[in-house]
Amino acid sequence: MRRFLVAGNWKMNTDLVSGTTLATALAVGASESHGEVEVLVCPPYPYLIAVGTATKNSAVLLGAQDVYFEASGAFTGEVSVSMLRDVGCSHVILGHSERRHLMGESDEVVNKKVRAGICGGLAVILCVGELLSEREAGQTESVLDRQMSGGLNGLPAEEAMDLVIAYEPVWAIGTGVTASPDQAESAHAHIRKWLAKRYNSAFSDQIRILYGGSVKPDNAQILMQQPNVDGALVGGACLKAENFVPIIDAAKMLALAGSGLRQTGLSGLS
Ligand code: PGA
């Protein structure tokens with residue numbers, strides 16, 4: 001059975017004091033979720049060490065929001081996989097829509113980063129999702145297919161066991177407009193089907209697919225209750241412990257309720 005993952009993407013927010021305070025509060029707030037739910041925080045690079053220290057020996061894992069694909073050398077401003085490992089990161093978010101659409105990252109670049117991250121021992125959270133115009137043009141599934149095949153190009157199943165996919169419709173990110181549970185489930189089921197076809201159904205069945213885009217305490221449960229939604233990638237609502245902890249608690253409640261509230265496996269597939 002897939003374990004819920006609730007991940008916070010701090011983006012370019014917080015400072016040293018507020019980030020450390022938030023991390024300390026999350027280490028306490030997530031302490032009772034250990035086992036049922038994986039909790040991850042992804043602060044800005046400069047705060048990774050401080051946040052890692054504040055969450056040490058807690059249930060909270062540490063991740064980064066991006067990484068460069070080269071191992072070392074003259075790449076001014078970039079950060080490598082081994083540097084992230086060195087400061088305690090277990091995860092990295094890649095292909096986030098803000099990197100794709102604001103920084104112009106192509107599927108090819110995302111793929112190089114995915115391969116470098118996985119090769120270097122990081123669990124990669126690969127973000128995919130359509131623009132509003134693409135959804136309105138009926139292109140959601142073809143966009144997801146393109147981002148999935150581009151992002152995972154050349155990656156064999158045996159190397160991708162720690163892969164996590166985050167479905168984040170761009171129109172839902174930071175807008176307060178959340179995908180409906182049906183819209184989320186339909187995209188997630190499509191992604192799982194894609195994984196089964198590209199790899200195999202056993203592989204696809206164990207890969208977690210997170211939903212991201214205006215997840216809040218009051219919609220987290222209904223979204224994560226969908227059979228193919230295995231957690232959340234949270235932006236705005238992860239910056240305050242009083243918002244993020246209830247999202248972790250919603251996942252924990254669903255995990256403890258098991259299949260009574262939530263189906264598992266490939267049941268959402270046609
Ligand atoms: P949001 O961001 O929760 O603020 O919509 C989600 C994300 O960008 O990962």
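Sequential numbering from 1 along the given sequence is applied to the chain's residues. Both ligands and their constituent atoms are indexed starting at 1 by order of listing. Everything numeric in this text was worked out from a predicted model, so none of it was measured.
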Polar contacts were defined as any N/O atom of the residue lying under 3.5 Å from an N/O atom of the ligand; does this apply to [X] and ligand 1?
X      : value
Gly212 : no
Thr175 : no
Val234 : no

With no hydrogens and no angle check, just 3.5 Å: does a side-chain donor-acceptor pair link [X] and [Y]?
X      : Y      : value
His91  : Asp162 : no
Glu130 : Tyr167 : yes
Asp145 : Ser142 : no
His96  : Gln65  : no

In the protein, which heavy atom is nearest to [atom], and how far is it?
atom                   : answer
atom 4 (O) of ligand 1 : Gly236 N, 2.8 Å
atom 3 (O) of ligand 1 : Gly235 N, 2.8 Å
atom 7 (C) of ligand 1 : Glu168 OE2, 3.2 Å

### Task
Identify which one of Arg192, Arg2, Lys193 satisfies the salt bridge (charged side-chain N to carboxylate O under 4.0 Å, His left out) criterion when paired with Asp205.
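Per the salt bridge (charged side-chain N to carboxylate O under 4.0 Å, His left out) rule, the option paired with Asp205 is Arg2, out of Arg192, Arg2, Lys193.
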
### Query
Side chain, backbone, both or neither: which part of Ala172 comes within less than 4.0 Å of ligand 1 when only heavy atoms are counted?
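Answer for Ala172: backbone.
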
### Query
At a non-hydrogen distance cut-off of under 4.0 Å, which region of Ile173 contacts ligand 1 (side chain, backbone, both, or neither)?
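Answer for Ile173: both.
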
What atoms of ligand 1 come closer than 4.0 angstrom to any heavy atom of [X]?
X      : value
His96  : 7 (C), 8 (O), 9 (O)
Gly174 : 1 (P), 4 (O), 5 (O)
Asn9   : 9 (O)

### Message
For Met12, I'd like to know if atom CE has over 12 heavy atoms of other residues, nucleotides or ligands within 6.0 Å.
### Response
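Counting neighbours around CE of Met12, 12 or fewer heavy atoms of other residues, nucleotides or ligands fall under 6.0 Å, so no.
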
### Message
With a cutoff of 4.0 Å, is Gly213 in contact with ligand 1, counting heavy atoms of the residue only?
### Response
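It does, in that a heavy atom of Gly213 comes within the 4.0 Å cut-off of ligand 1.
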
### Query
Contact between Lys216 and ligand 1, counting heavy atoms under 4.0 Å?
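No heavy atom of Lys216 comes that close to ligand 1.
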
### Sidechain-backbone polar pair: Arg198 side chain, Leu152 backbone, donor-acceptor under 3.5 Å
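Yes, Arg198 side chain to Leu152 backbone: donor-acceptor pair under 3.5 Å.
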
#### Entry: Ser201 side chain to Ala196 backbone, donor-acceptor under 3.5 Å
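Checked: no pair found.
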
### Task
Quick one: do Asp230 and Arg3 satisfy salt bridge (Lys or Arg N to Asp or Glu O under 4.0 Å)? Show the steps, please.
CA-CA 7 Å; Asp230 307 311; Arg3 196 139 70 104; over 6 Å; no

